[in-house]
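What follows is a set of notes on a single structure, which appears directly below.
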Number of protein chains: 2
Amino acid sequence: MVLTEKQKELVEQFGVLNEKYGLPPAECRVWGLFLVADKVELTFDEIMETLNLSKGGTSNALKRLQMTNHIDYITKLGDKKRYFRCKLNNWTQMTKENFEKFDELNIILKKILRNRNSKTTSFNNDLKEVTEFLDFIYNEMLLAINKWEAKN
Amino acid sequence: MVLTEKQKELVEQFGVLNEKYGLPPAECRVWGLFLVADKVELTFDEIMETLNLSKGGTSNALKRLQMTNHIDYITKLGDKKRYFRCKLNNWTQMTKENFEKFDELNIILKKILRNRNSKTTSFNNDLKEVTEFLDFIYNEMLLAINKWEAKN
DNA sequence: TTTTTAGTTCACAATAAAATGAACTAGTTT
DNA sequence: AAACTAGTTCATTTTATTGTGAACTAAAAA
């Protein structure tokens, strides 16, 4: 499979952004490839050759993308190859999970607040307000996702 | 400054969580220390000694936390030392910036969508729906933050 | 039953990120 | 001006993360 310059550029842009969130470069590129490719089903070798990855690297990236639910694969009768596909119907779920992680921080902040020395009143009040803000936002997020799901 | 076991535990928990978001361990611990400490103003040496960090490491962590607007410092007349403090009044701003980053991904997805081969109709429609969902959530987020700011 | 195909695993190499601490700067005190 | 204090910088080391490719497994074809 040959990518246009534009496709390559988009794979890299998508990659760089996701690397900022801690994904390994190879995994970002594979995910990006699925998003820009002219077809929907990609084989192991196509991915490996198009992105110039090693076998191990390709295998690892695909494994991780499956574990994180970004891709899956189908098989075809009388054909040993796997046909990998990008899943796009899981973004509300993914986003929800993102907000759960956001909430985890708040959970720790609340624990910290409960254990603080009561003498630092002003700081404690400010921290309390932060946790209330985060509670509020988290809740609004869940409402927003519900609203979207009701509409669609 | 001596931390209780509970305080140490909270620093580590806060640290591990933030490391997941890509912050260096030392920086996470310094930030955490500010959150659990029994006092609000901490000096360079207190931080360094309490967390067993090197001078360079401490300096670097403090620099980064200042750049990201999590801490600042005050000085006192006839005293060369800096008194570092954790800022808690910037969380709505921080949260807003987080959502901007979230929106960056959507911006790339929209670019990708515009460049896709029109033959993969179903995939393209799914991708379009993802971008619409992300648009919707981003917008709801901004509304939620405004709502909070109006209330407070 | 040998060979080919499709992919995984894993020891190792390459690269990148973080921490260390000695040498430095710049302000203070003596 | 010498000595001290508070913190920064930066070359080096330490540690952790990624990627590589050869050896492997397991299924299918010859």
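Here is the naming used below: chain letters follow the sequence lines, and residue numbers restart at 1 for every chain.
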Under a 4.0 Å N-O cut-off, is there an ion pair linking Glu132(A) with Lys151(B)?
no

Which atom of Gln13(A) lies closest to which atom of Ile108(B), heavy atoms considered
O-CD1, 3.6 Å

Please determine if Glu27(A) and Arg64(A) form a salt bridge, counting it only when a charged side-chain N lies under 4.0 Å from a carboxylate O.
yes

Taking atom P of dT5(D) as reference, at what distance in whole Å does atom CE of Met48(B) sit?
14 Å

Asn60(A) CG to dT9(C) P: how many Å, rounded?
9 Å

With hydrogens left out and only the distance checked, is there a donor-acceptor pair under 3.5 Å joining Lys80(B)'s side chain and the base of dT28(C)?
no

Check the distance between dG7(D)'s P and Phe84(B)'s CZ and give it to me in whole angstrom.
6 Å

Give a yes/no on whether any side-chain N or O of Arg82(A) is located under 4.0 angstrom from OP1 or OP2 of dA27(D).
no

First encountered from the 5' end of DNA chain C, between Tyr83(A) and Arg29(B):
Tyr83(A)

Do the ring centers of Trp91(A) and Phe133(B) come within less than 6.0 Å of each other?
no

Side chain of Pro25(B): nearest nucleotide among dT20(D), dG7(C), dA19(C)?
dA19(C)

Take atom CG of Leu62(B) and atom C1' of dT8(D), then tell me their distance rounded to the nearest Å.
11 Å

Given DNA chain D, 5'-ward residue of the pair Asp45(B) and Thr58(A), judged by closest heavy atom:
Asp45(B)

In this structure, how many angstroms lie between the P atom of dT8(D) and the CD atom of Gln66(B), rounded?
7 Å

Atom NZ of Lys55(A) and atom P of dA11(C) are separated, to the nearest Å, by 18 Å

Report the distance from atom CD of Glu19(A) to atom C1' of dG19(D), rounded to the nearest whole Å.
13 Å

Check Asp135(B) with Lys110(B), please: is the shortest side-chain N to carboxylate O separation under 4.0 Å?
yes

Looking only at side-chain atoms of Lys81(A), point me to the closest of dG19(D), dG7(C), dA18(C).
dG7(C)

When you measure from the side chain of Ser59(A), which nucleotide among dA19(C), dT9(C), dG19(D) comes out closest?
dT9(C)

For atom CG of Asp79(B) and atom P of dT5(D), their distance in whole Å:
13 Å

